[in-house]
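This report concerns only the one structure given below.
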Amino acid sequence: MAAPADTPPAAGYDDEAAASTYVSRETPTREEDDPPLAMEAMRAVQILNPSGEVTMPRPERTRVMCVANQKGGVGKTTTTVNLAVALALHGNRVLVVDLDPQGNASTGLNVPHHTGVPDVYDCLIDSVPLEEVAQAVEGIPNLWCVPATIDLAGAEIELVSVVARESRLARAIAAYPGHFDYVFIDCPPSLGLLTVNALVAAQEVLIPIQCEYYALEGLNQLIQNINLVRQHLNPKLEVSTILLTMYDRRTRLADAVEQDVRNHFGDKVLQAVIPRNVRVSEAPSYGQSVMTYDPGSRGATSYFEAAQEIAERGVMEPVSRNA
């Protein structure tokens, strides 16, 4: 739909002078003025880091981050997969725990998760050690994934009668013999026992927020649940990171939502914003993250910047991290 016309110019208005001062929201930046293929190639090399020489800062202690938002379709799984790949490609040891019965994070990392594959369900219900379930992600060094199968759909009911049901995942992660720099837990779009397990296991909560009005409506309920978990089960839990996703720079609504979120959460909101980008949506159908599917795309660049920001924040604030 076309934008409303601006106020007509007054008499004597100099169109040429106005054109020289007016800057459209779609005006290309200096970077975009460079040859597109050259810029894309530079971004791809920076993101894929084939030499392994460029590294992101590694935290002093393992950072366990729960990626949560009970609203579906805001980019939780996409964010988990792409941040994990970006950090792993730049020298960090990363574990992804797929806690969503749909198993989309497992799909995005091309990790088998069909019926019969040992998965996170076995860890939660049968106390199988996490190292027996974790699989190395093909083609990405330093990245492992604990897959989720459809069996996990029944875990919410089965956990009801289990002793210390809220801390099953926390104990499984604590018992892992290897060291990780980051553990990302991809939560289901609900506030049930699986999400509670993730909140108890984590030190930090990363909340992806879609740049649309509905995305703000359920946020209060999520924050209340996080506060309840902090009071009764995990006093070290904090909302450390907010990531704006599906940003459409052509709309005023996206700007309004961004301003509301930044005004409310302040420095917790990453400067990097994830735009709407078709490459991000295409990548999972090839069993890849956008970082490897199209490393020169806007989506890959944005997730790379977000990962870099998260890594730098972790080094700047080591005091708030527990072992």
*Exercise: identify the closest heavy-atom pair between A88 and V94*: N-CG2, 4.0 Å
*For the student: nearest non-hydrogen atoms of Q135 and P147, plus distance*: NE2-CG, 3.5 Å
If you measure from [atom1] on [X] to [atom2] on [Y], what distance do you get to the nearest 0.5 Å?
{"X": "L95", "Y": "F180", "atom1": "CG", "atom2": "CZ", "value": "4.5 Å"}
{"X": "K76", "Y": "L99", "atom1": "NZ", "atom2": "CG", "value": "12.0 Å"}
{"X": "R165", "Y": "L193", "atom1": "CZ", "atom2": "CG", "value": "5.5 Å"}

*Go through N220 and Q224 one step at a time and tell me if the side-chain hydrogen bond (donor to acceptor under 3.5 Å, both in side chains) criterion holds.*
CA-CA 6 Å; N220 283 338; Q224 287 174 18; over 6 Å; no
[Y] backbone acceptor or donor facing [X] side chain under 3.5 Å:
{"X": "T62", "Y": "Y182", "result": "no"}
{"X": "D181", "Y": "R61", "result": "no"}
{"X": "N234", "Y": "A202", "result": "yes"}
{"X": "D119", "Y": "T149", "result": "yes"}
{"X": "N69", "Y": "K71", "result": "yes"}

*Please answer: with hydrophobic residues joined when any side-chain heavy atoms are less than 4.5 Å apart, are F184 and V111 in the same cluster?*
yes
*Have Y303 and T78 got a donor and an acceptor in their side chains that come within less than 3.5 Å?*
no
_Does either side chain, that of Y247 or that of D255, offer a donor lying less than 3.5 Å from an acceptor on the other one?_
yes
*For Q102, what residues pass the side-chain contact (heavy atoms from CB on, under 4.5 Å) criterion, not counting sequence neighbours?*
D100, N104, P189
*In plain terms, say whether R168 and E158 are close enough for a salt bridge, that is, a side-chain N and a carboxylate O under 4.0 Å apart.*
no
